[in-house]
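Encoded as structure tokens, the structure appears first; notes follow it.
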Amino acid sequence: MRRTLLRRAGVIVLDYVYAGRHQLRAVFDRGTPESLVAGEGDRAPVVLLPGIYETWRFLRPLADHIHASGHPVHVVTALERNRMSVPEAAALVTRHLQEHDLEGVVIVAHSKGGLVAKYLMGMPDSGPRIRSAVTVATPFAGSSLARLIPVPAIRALMPNTPGLVRLALSRAVNAQIVSVWGWFDPHVPEGSRLEGARNIELDVGGHFRILARPELLAVVDEVLAPAD
């Protein structure tokens, strides 16, 4: 028991070190969204969706990995730090899909971004444009810890909030989703298992550190691989 508690405490420390380092890196990142679609070929377009209080730059290492494998990576800068409601965020992403006439899209999303991805996949204007989604550490059942933070954008992620309940009851697109999470997520104690989806638990601890782990990159590469 003590070893487990110490291991979890270590995960929390390392998770916040990772988050702090990459939030700081994002501040000084001068790369442009255009560079991630440069040189695009015929591989599936990828749309990257960050979690709450994250910009697309926080996910830059993941974006660079996907782009290096030959995929154009689209980011929706209008999301900013993704503090808006899930439907509002989905509307912005839908507009991006339409303006760039994207088809056969694979969404790669972190945390709250996965909720936006599922919402998009169930909408008539955006759903037909999306092939599949890889969601990482997404609170599909909400997070009980959200009630501890008196910020509306975070409290909207509490379990049993009307928006999350409606999204959970909509299961038509679940089979198109690959939900990935670590053995211990200090931000989402309920876990990220999604009924009907392909669910993958990695031997990785943390809500943020998982984003840079080779195990996750391997899953993303597998989903993006062209069908035979």
Side-chain angles (χ1 to χ4, degrees), residues 22-23 25-138 167 173 176-180 197 208 210-212 216-227:
H22 283 274
Q23 288 284 17
R25 177 198 49 74
V27 170
F28 295 99
D29 184 351
R30 293 297 178 262
T32 65
E34 291 76 18
S35 67
L36 293 173
V37 297
E40 59 184 280
D42 58 357
R43 293 201 170 188
V46 173
V47 173
L48 205 65
L49 299 181
I52 192 169
Y53 292 113
E54 297 171 2
T55 69
W56 70 270
R57 297 179 189 278
F58 184 76
L59 303 180
R60 186 60 183 261
L62 183 56
D64 287 342
H65 173 84
I66 296 170
H67 185 249
S69 66
H71 295 268
V73 179
H74 290 256
V75 299
V76 183
T77 56
L79 289 175
E80 298 180 346
R81 297 178 68 81
N82 200 3
R83 292 177 293 180
M84 62 201 71
S85 70
V86 168
E88 289 171 328
L92 293 174
V93 180
T94 297
R95 187 170 67 189
H96 184 95
L97 296 176
Q98 293 171 337
E99 289 178 349
H100 295 269
D101 194 24
L102 298 181
E103 302 280 353
V105 170
V106 177
I107 295 177
V108 177
H110 180 232
S111 195
K112 178 188 171 183
L115 301 177
V116 178
K118 183 181 176 184
Y119 189 97
L120 283 163
M121 296 169 78
M123 298 300 292
D125 291 341
S126 53
R129 295 178 178 271
I130 301 169
R131 187 182 90 194
S132 60
V134 179
T135 62
V136 184
T138 292
L167 194 59
V173 303
Q176 297 170 252
I177 297 173
V178 179
S179 179
V180 187
F208 304 107
I210 188 173
L211 291 167
L216 173 66
L217 300 181
V219 172
V220 172
D221 290 344
E222 177 194 338
V223 173
L224 291 174

- Please list all pairs passing the ring pair (Phe, Tyr, Trp, His ring centres under 6.0 Å) test where one or both residues lie in residues 84-105, with sequence neighbours left out.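 Of all non-adjacent pairs touching residues 84-105, those that pass ring pair (Phe, Tyr, Trp, His ring centres under 6.0 Å) are His74-His96, His74-His100, His96-His100.
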Working to the nearest 0.5 Å, report the span between [atom1] of [X] and [atom2] of [Y].
{"X": "Leu211", "Y": "His65", "atom1": "CG", "atom2": "NE2", "result": "12.5 Å"}
{"X": "Thr77", "Y": "Leu92", "atom1": "OG1", "atom2": "CG", "result": "9.5 Å"}
{"X": "Leu62", "Y": "Ile210", "atom1": "CG", "atom2": "CD1", "result": "11.0 Å"}
{"X": "His67", "Y": "Leu48", "atom1": "NE2", "atom2": "CG", "result": "12.5 Å"}
{"X": "Thr55", "Y": "Gln23", "atom1": "OG1", "atom2": "CD", "result": "7.0 Å"}
{"X": "Ile52", "Y": "Met84", "atom1": "CD1", "atom2": "CE", "result": "10.0 Å"}

- So, do Ser126 and Val93 sit near enough that their side-chain heavy atoms are less than 4.5 Å apart? no
- Note, Phe208 side chain near Phe58 side chain (heavy atom, < 4.5 Å): yes
- Which pairs pass salt bridge (Lys or Arg N to Asp or Glu O under 4.0 Å) with one or both residues in residues 64-84, sequence neighbours excluded?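 Every pair satisfying salt bridge (Lys or Arg N to Asp or Glu O under 4.0 Å) with a residue in residues 64-84: Arg60-Asp64.
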- Message: Strictly by salt bridge (Lys or Arg N to Asp or Glu O under 4.0 Å), give each pair with a member in residues 110-120 just once, sequence neighbours left out.
- Response: none
Would the distance check show the side chain of [X] and the main-chain N or O of [Y] forming a donor-acceptor pair, the cut-off being under 3.5 Å?
{"X": "His71", "Y": "Ile66", "answer": "no"}
{"X": "Thr138", "Y": "Ser111", "answer": "yes"}
{"X": "Gln176", "Y": "Ala133", "answer": "no"}
{"X": "Arg25", "Y": "Arg57", "answer": "yes"}

Contacts of type side chain to side chain contact (heavy atoms under 4.5 Å, CB included), residue [X], not counting sequence neighbours:
{"X": "Ala91", "result": "none"}
{"X": "Ala90", "result": "Val116, Tyr119, Leu120"}
{"X": "Arg129", "result": "Leu97, Gln98, Asp101, Glu103"}

Nearest heavy atoms of [X] and [Y], plus distance in Å:
{"X": "Pro50", "Y": "Leu59", "value": "CA-CD1, 3.6 Å"}
{"X": "Ala117", "Y": "Leu49", "value": "N-CD1, 4.0 Å"}
{"X": "Ala44", "Y": "Val106", "value": "CB-CG2, 4.4 Å"}
{"X": "Gly70", "Y": "Arg43", "value": "O-CB, 3.5 Å"}
{"X": "Thr135", "Y": "Gly114", "value": "CG2-CA, 3.7 Å"}

